[in-house]
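Here is the structure we will look at.
Values reported hereafter were calculated over all heavy atoms of this structure, with side chains retained and with hydrogens, waters and symmetry mates removed. The structure displayed is predicted, hence computed values, not measured ones. Protein chains get the first letters and strands the later ones, always in sequence-line order, with residue 1 at the start of each.
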Amino acid sequence: MVRVRFAPSPTGPLHMGGVRTALFNYLFARKNQGTMILRIEDTDQGRFVPGAEEYIMESLAWCGIEIDEGIKEGGKFGPYRQSDRKAIYRQYSDQLIESGWAYYAFDTPEELDRIRQEGMKAEGQEGKEKEEKSERQAFAYDTVTRMSLRNSLTLPAEEVRSLLASGASFVVRFKMPENHEIIMQDIIRGEVRVSTTTIDDKVLFKSDGMPTYHLANVVDDHLMEITHVIRGEEWLPSLPLHVMLYKAFGWTDTMPQFAHLPLILKPSGNGKLSKRDGDKLGFPVFPINWNNPETNEVYSGYREAGYFDDAFVNILALLGWNDGTDKEIYSMDELIEAFSLERVGKSGSRFDPEKAKWFNHQYMLLKSNEEIAERFLDELSTLDKGPRVREDDRKGLGTEEDDKNDSTMPEEEWDRVVKIVSLVKERAEFVKDIWSQSWFFFEAPTTYDESVIKKRWTPEMPAILKEIINLLSPFFVIPAEAGTLSLTTELEESEPLIATEYEKLIKDYITSNSLNMGSVMNILRLCLVGSSMGPGVFDIMELLGPDEVVARIERAAEVIS
RNA sequence: GGCCCGUUCGUCUAGGGGUUAGGACGUCAGAUUUUCAUUCUGGUAGCAGGGGUUCGAUUCCCCUACGGGCUACCA
């Protein structure tokens, strides 16, 4: 039975690299009918950030990453928050001391800092004689230095006992064996060997009574019966320690398998993508908006930037993984089906925001017009733009509950929006682009592109436009003389013109009068849209209806000439 | 500095001892179109360098370079 965990620390928002780690855990779990666990690693009380835990859960939920065991979901291996498991760790720390794998250390952080400083100076002087630029050897609490520091290895047993009894502050350190080669297996990287002489005596248990990541992680993974540890490459350097810990506890037989994922790098410049990048890079690094409770700053997320949840997951999945085919668009189910850790690459990947947009565009095309229309209307209601939905109708529009297409919107209006979406979505990357591609369906242009006028407008144009108006007037929905009147009865009686009928009407007129197709069409577009953009002129006419088309032509002719 | 990991077009990547080194994004050009865009077609561009091993290395090994990670009583 496969059991994996995603174990973030609630020190702030999760960034996209963290989400990808969660995703790979999830895909692996589902692929193997295993269990996905969310464990909150909050052993550093100093770095606790309010709201981060909720943020993590909401982000994963948005991505469709389902948790089987966790704080909210429960499970037999709880609690799932390390601060709630505090009582557990002490006994394991004690166990290691009893078995000689760990020891008490009484050096204060200040003392150690001072030693580090001095070491730097001493090395610097020494280095001067040899090589000016030689860097100092960083101090390490290790197999050689530990014998000259204040700990239960150097102090008389008596003194250790009285120190502990007096409540002196202490930490527990792992006693890294000397000169031992640790051979590790990583699913992604293969065999990794490290000599223990290069590893220092890591703190396992802090003076505040909490374990460090290393202890908590190993103890919890063991207790929670984790079978595979899938985490970022930044943990690879501590793998030897963890492996030694399993050995020290006598848990080698049930030690999980490890897979260290390559990192996601910034698109330009150096380094891995980091939380601190915030919005500096010109694209979001967070899955959903993050409101920093300390500064009240808001950092943008993919959700709010307009990315579809499935597109975002797809983008993440292909950062460092592929199934060996040319396929690039995957649903979550397809990802689960195709996923394997063996096909995760070894090298870090730079994130390409341009390609991310392309992915979103692909999902735009894939989704139904109705789904896009709903999102579009939601977007418009927050922008306070768009269809002339009456005030009382609009009330029903923005509310969260209203998932199905807005019942308060008249059906013809809804159909019209869907039609508009179908016309412009192929040229949109995000739902918000749909407005900039289609606003002229909802409001008449007030300005007219000068360059088009300059290029296409001729003295004969007013007469030509007049002729076109005459061509269309027989199809008015609202008779010119009538005032406000009931349009329902009129609508039922006359079928509105469709695009091909407009096309025939106008093209016939143009050819029979041997006019220039390009000029007339472009001027027509200019009248309707105000510039040279948008879908086919006849499609625009169909959706606008003859009354509006004529009104716009009249207004444009007046303004331009 | 030390330890560890990595290195195929600008980017994401496939491939793997003998290939015209494949795809995608981007970019450029052409075609289509009444416009912008889409779309289509085509082009551009890559095995970090040096040594081995081998009949033959981009592929295997070593070194160097470069990139990245870690080096806290943070995770």
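- Between C9(B) and G22(B), the distance separating the two P atoms is 14 Å to the nearest Å.
- Toward the 5′ end of RNA chain B lies the nearest nucleotide of E429(A), the other residue of the pair E429(A) and T108(A) mapping further downstream.
- Looking only at atom types and distance, the side chain of D310(A) has no donor-acceptor partner in the side chain of Y330(A) under 3.5 Å away.
- Of the listed nucleotides (C5(B), A24(B), A72(B)), A24(B) has the atom at the smallest distance from the side chain of W358(A).
- Residues E429(A) and K357(A) are not paired through a salt bridge, judged by the lack of any N-O separation under 4.0 Å between the basic side chain and the carboxylate.
- Using a 4.0 Å heavy-atom criterion, one finds that G46(A) contacts no nucleic acid atom at all.
- The interatomic distance linking K202(A) (NZ) with C3(B) (P) rounds to 15 Å, in whole Å.
- Evaluation of atom-type donor-acceptor distances gives a pair under 3.5 Å for the side chain of R47(A) against the base of C74(B).
- Among the atoms of the strands shown, none is found under 4.0 Å from any heavy atom of V452(A).
- Between K266(A) atom NZ and G69(B) atom C1' there is a gap of 14 Å when expressed in whole angstrom units.
- Across the C1' atoms, A57(B) and C3(B) are found 31 Å apart, a figure rounded to whole Å.
- Following rounding to the nearest Å, D208(A) (CG) and A75(B) (P) show an atom-to-atom distance of 9 Å.
- When rounded to the nearest whole Å, the span between CG of D201(A) and P of A72(B) equals 13 Å.
- Among C36(B), A75(B), C3(B), the nucleotide with an atom closest to any side-chain atom of R427(A) is C36(B).
- You'll find that the side chain of L236(A) is closest to C5(B), out of C5(B), G6(B), U11(B).
- The residue P240(A) sits apart from the nucleic acid: no heavy atom pair falls under 4.0 Å.
- Rounded to whole Å, the separation between the C1' atoms of U54(B) and C60(B) comes to 10 Å.
- If you check every strand for non-hydrogen atoms under 4.0 Å, S532(A) touches a base.
- H242(A) and Y213(A) have tilted rings, their planes meeting at an angle from 30° to 60° on a 0 to 90° scale.
- Residue E503(A) contributes atom CD, which lies 13 Å from atom P of U35(B) at whole-angstrom precision.
- Partner assigned to G18(B) is C55(B), using Watson-Crick or G-U wobble distances below 3.5 angstrom.
- Nearest to the side chain of Y213(A), among C25(B), C70(B), A75(B), sits A75(B).
- Side-chain N/O atoms of N322(A) include one lying less than 4.0 angstrom from OP1 or OP2 on A14(B).
- The CZ-P distance, from R350(A) to U7(B), rounds to 14 Å in whole Å.
- In this structure, A65(B) and U7(B) make a Watson-Crick or G-U wobble pair, each of the two defining distances being under 3.5 angstrom.
- Nucleic acid contact class of K272(A) (heavy atoms, under 4.0 Å, all strands): sugar-phosphate only.
- Distances shown here put a side-chain N or O of S349(A) below 4.0 Å from the OP1 or OP2 atom of U13(B).
- If you take atom C1' in C66(B) and the same atom in C73(B), they sit 36 Å apart, rounded to whole Å.
- Salt-bridge check for K355(A) with D352(A): failed, with every basic side-chain N at 4.0 Å or more from each acidic carboxylate O.
- OP1 or OP2 of A75(B) sits under 4.0 Å from a side-chain N or O of T43(A).
- Sequence order on RNA chain B of the closest nucleotides to G324(A) and A428(A) puts G324(A) first from the 5' end.
- A salt bridge links E334(A) with K327(A): the distance from a Lys NZ or Arg NE/NH1/NH2 to an Asp or Glu carboxylate oxygen falls below 4.0 Å.
- K419(A) and E542(A) are joined by a salt bridge, as a carboxylate oxygen and a charged side-chain nitrogen come within less than 4.0 angstrom of each other.
- Applying the 6.0 Å contact sphere to NZ of K504(A) captures no more than 12 heavy atoms from other residues, nucleotides or ligands.
- For A75(B) and C25(B), the C1' atoms lie 34 Å apart once the distance is rounded to whole Å.
- In this structure G1(B) sits in a base pair with U71(B), meeting the Watson-Crick or G-U test at under 3.5 Å.
- As judged by a 4.0 angstrom heavy-atom cut-off over every strand, R343(A) is placed among residues touching the sugar-phosphate backbone only.
- In the set A75(B), C36(B), C4(B), the nucleotide with an atom closest to the side chain of D44(A) is A75(B).
- Side-chain atoms of D352(A) lie closest to G10(B) of the nucleotides G10(B), G69(B), U34(B).
- What separates CG of N314(A) from P of U13(B) is a distance of 14 Å, to the nearest Å.
- Between I188(A) atom CD1 and G68(B) atom P the separation is 20 Å, expressed in whole Å.
- A cation-pi arrangement is absent between R173(A) and Y104(A), since the terminal nitrogen or guanidinium carbon is not both under 6.0 Å from the aromatic centre and inside a 45° cone about the axis.
- S207(A) contributes a side-chain N or O that forms a donor-acceptor pair with the base of C73(B) under 3.5 Å.
- Although no hydrogens or angles enter the test, the distance criterion places a donor-acceptor pair under 3.5 Å between the side chain of N151(A) and the main chain of R146(A).
- With a cut-off of 3.5 Å on both Watson-Crick or G-U wobble distances, the partner of U27(B) is given as G43(B).
- The side chain of D326(A) sits closest to G23(B) out of G23(B), C12(B), C4(B).
- Proximity note for H361(A) (side chain, C-beta onward) versus A37(B), C70(B), U39(B): the nearest is U39(B).
- Note on R525(A): every side-chain N or O is 4.0 Å or more away from OP1 and OP2 of C36(B).
- Distances from the side chain of E354(A) to the nucleotides C25(B), C70(B), C4(B) place C25(B) closest.
- Between R114(A) and E111(A) no salt bridge is recorded (no basic side-chain N to carboxylate O distance below 4.0 Å).
- One C1' atom belongs to G67(B), the other to C28(B), and the distance between them is 30 Å to the nearest Å.
- At the heavy-atom level, E426(A) lies under 4.0 Å from base atoms of the strands shown.
- Put simply, K206(A) has a side-chain N or O that comes within less than 4.0 Å of OP1 or OP2 on C74(B).
- Among the atoms of the strands shown, base atoms are found under 4.0 Å from some heavy atom of F538(A).
- Between U13(B) and K355(A), no contact under 4.0 Å exists linking OP1 or OP2 to a side-chain N or O.
- C12(B) and G17(B) have their P atoms separated by 24 Å, given to the nearest Å.
- With both pairing distances under 3.5 Å, U38(B) is matched to nothing as a Watson-Crick or G-U wobble pair.
- Residue R189(A) has its side chain nearest to C5(B) when only U34(B), A75(B), C5(B) are considered.
- V203(A) comes within 4.0 angstrom of sugar-phosphate atoms only, judged by non-hydrogen atoms across all strands, and of no base.
- Atom P of A45(B) sits at a distance of 22 Å from the matching atom of A31(B), rounded to the whole Å.
- Residue contacts for D107(A): at a heavy-atom cut-off of 4.0 Å it reaches a base atom on one of the strands shown.
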